Amino acid sequence: MSVFKLPIGLCEDMQKAIASFWWGNSQNYKSIHWSKWENMCQAKNRGGLGFRDLSSFNQALVAKQSWRIIQEPKSLIARVLKARYFKNSNLMQAQLGSHLSFIWRSILWDRKVIKQGLRWRIGDGQQALVYQSPWLPRPITFQPISPPSLSLDTTVAELINEDQEWKEDVIRHHFLEEDADQMLKIPLPRQPKPDQVMWHYDKKGNYSVKSGY
């Protein structure tokens with residue numbers, strides 16, 4: 001369940017079995033299901049019972065594999081998949097392709113979860129593109145909403161001065177106030193260091209199944 005995408009039919013069958021057990025169904029007696037499964041899968045603080053939606057939980061589990069590939073690009077599995085499926089790009093830009101293994105299909109499926117919280121932690125700004133990369137601490141896109149007034153291939157590094165501080169005058173000139181305020185709140189390291197990929201929904205920036213689900 002943490003490596004492959006389970007068939008939807010299998011997840012539904014397991015959920016039916018859990019629901020039947022919960023409501024007291026048996027071969028000779030069929031009880032009333034007083035609430036929809038979707039409602040029961042809501043968190044307790046939202047009025048649900050905290051049951052897992054198995055398909056969504058499966059996706060959050062498999063997403064752990066994508067996160068490992070992103071964080072450990074020199075690992076054997078990362079190198080094998082890159083050589084086979086995304087030789088000239090990265091995992092998040094990889095296309096569907098042909099002759100896919102079931103493992104790769106599962107990774108492409110769980111990538112949808114990773115995209116919802118993946119963004120750059122700015123160091124020197126050399127890898128993150130101002131308009132095209134997710135780098136602002138603001139879901140869902142993590143990108144500026146301002147109309148582009150700079151080149152689309154402008155990197156975040158061009159918004160940082162030699163003292164490793166934001167160029168406030170440049171930022172406020174080219175971006176809407178909402179974007180500018182978000183940018184200026186981002187802390188920069190005292191010494192330049194490479195940008196890092198992080199998971200927005202964790203204080204330490206690490207993906208977890210709990211936050212992904």
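Here the structure is a predicted model, which means the values were calculated and not measured.
- Residues Q164 and P189 form a side-chain contact, since some pair of their non-hydrogen atoms from C-beta on lies under 4.5 Å apart.
- Residue pairs meeting the side-chain hydrogen bond (donor to acceptor under 3.5 Å, both in side chains) criterion with at least one member in residues 186-200, sequence neighbours excluded: R119-H200, W199-S211.
- Once rounded to the nearest 0.5 Å, the distance linking NZ of K112 with OG of S66 reads 12.0 Å.
- In plain terms, the two heavy atoms of Q71 and V197 that are nearest each other are NE2-O, 3.5 Å.
- Heavy atoms only, all atoms of each residue included: P73 and A78 are closest at O-CB, 3.6 Å.
- Using a 4.5 Å heavy-atom cutoff, the side chains of E72 and R79 are not in contact.
- Put simply, CG on L136 and CG on D179 are 6.0 Å apart, with the number rounded to the nearest 0.5 Å.
- Residues P134 and T141 form no side-chain contact, since every pair of their non-hydrogen atoms from C-beta on lies 4.5 Å or further apart.
- Rounding to the nearest 0.5 Å gives a distance of 9.5 Å between CZ of R84 and NZ of K87.
- Defined by atom type and a distance below 3.5 Å, a donor-acceptor pair is present between the side-chain atoms of S101 and Y85.
- Side-chain contact between L108 and R105: absent, with no pair of heavy atoms (C-beta onward) separated by less than 4.5 Å.
- The two residues A60 and G212 come nearest to each other via the heavy atoms CB-C, 4.0 Å.
- Residue L76 shares its hydrophobic cluster (ILVMFWY side chains chained together at separations under 4.5 Å) with V80.
- The two residues Q182 and R138 make their nearest non-hydrogen contact at CG-NH1, 3.8 Å.
- Residues F175 and L159 are in side-chain contact: their nearest non-hydrogen atoms beyond the backbone lie under 4.5 Å apart.
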May I have the step-by-step check of side chain to side chain contact (heavy atoms under 4.5 Å, CB included) for L129 and V156, ending in yes or no? CA-CA 6 Å; L129 298 176; V156 177; over 6 Å; no
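- Side chain of Y131 to backbone of L150: a donor-acceptor contact under 3.5 angstrom is found.
- I140 and Y207 are assigned to two separate hydrophobic clusters, defined by single-linkage of ILVMFWY side chains at heavy-atom distances under 4.5 Å.
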Report the C-alpha distance between Q59 and K5 in whole Å, list the side-chain angles of each, state the deciding distance to 0.1 Å, and finish with yes or no for side chain to side chain contact (heavy atoms under 4.5 Å, CB included). CA-CA 7 Å; Q59 191 174 29; K5 176 186 178 182; over 6 Å; no
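- Other members of the cluster containing V62 are W109, with ILVMFWY side chains joined at under 4.5 Å, either directly or via other members.
- Residue L176 belongs to a hydrophobic cluster whose other members are I145, with links defined by side-chain heavy atoms closer than 4.5 Å.
- When the side-chain hydrogen bond (donor to acceptor under 3.5 Å, both in side chains) test is applied to S56, the partners found at least two apart in sequence or on another chain are D53.
- Taking every heavy atom of both residues into account, L10 and L6 meet most closely at CD2-CD2, 4.4 Å.
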Determine, step by step, whether Q143 and W135 satisfy the side chain to side chain contact (heavy atoms under 4.5 Å, CB included) criterion, reporting the C-alpha distance in whole Å, the side-chain angles of both residues, the deciding distance to 0.1 Å, and the verdict. CA-CA 6 Å; Q143 295 175 340; W135 64 284; 5.6 Å; no
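- The main-chain N or O of A180 is never found under 3.5 Å from a side-chain atom of R172 such that the two would form a donor-acceptor pair.
- Residue K82 holds its NZ atom at 7.0 Å from CG of N90, rounded to the nearest 0.5 Å.
- For the atom pair CZ of F142 and NZ of K115, the computed distance is 13.5 Å after rounding to the nearest 0.5 Å.
- Using the six-membered ring where Trp is involved, F86 and W104 have ring planes that are parallel, under 30° apart on the 30 and 60° scheme.
- Looking at heavy atoms from C-beta onward, L184 lies in side-chain contact with I171 at the 4.5 angstrom threshold.
- With contacts defined as side-chain heavy-atom distances shorter than 4.5 Å, the pair N58/D110 does not qualify.
- Residues passing the ring-ring contact (aromatic ring centres under 6.0 Å, His included) test with W166: none are found, sequence neighbours excluded.
- Distance alone, capped at 3.5 Å, is enough to place a donor-acceptor pair between the S106 side chain and the F102 backbone.
- Using a 4.5 Å cut-off between side-chain heavy atoms of Ile, Leu, Val, Met, Phe, Trp and Tyr, with links allowed through other members, I107 and I8 fall into different hydrophobic clusters.
- Side-chain N or O atoms of E158 include none that pairs as donor or acceptor with a backbone N or O of V130 at under 3.5 Å.
- In this structure, CG on D163 lies 11.5 Å from CG on L188, to the nearest 0.5 angstrom.
- D202 places a side-chain N or O within donor-acceptor distance of the main-chain N or O of K204, the cut-off being under 3.5 Å.
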May I have the step-by-step check of side chain to side chain contact (heavy atoms under 4.5 Å, CB included) for E178 and M183, ending in yes or no? CA-CA 9 Å; E178 183 178 349; M183 294 175 188; over 6 Å; no
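- Proximity of I69 to S75: side-chain heavy atoms (C-beta onward) are nowhere separated by under 4.5 Å.
- Hydrophobic clustering (side-chain heavy atoms under 4.5 Å, transitive across Ile, Leu, Val, Met, Phe, Trp, Tyr) groups L81 together with L91.
- Under a 3.5 Å cut-off, the side chain of Q127 and the backbone N or O of P194 do not form any donor-acceptor pair.
- In this pair, F57 and Y213 present their aromatic rings perpendicular. The plane angle is above 60°, beyond the 30 to 60° band.
- The shortest non-hydrogen separation linking Q15 to S55 is OE1-N, 4.2 Å.
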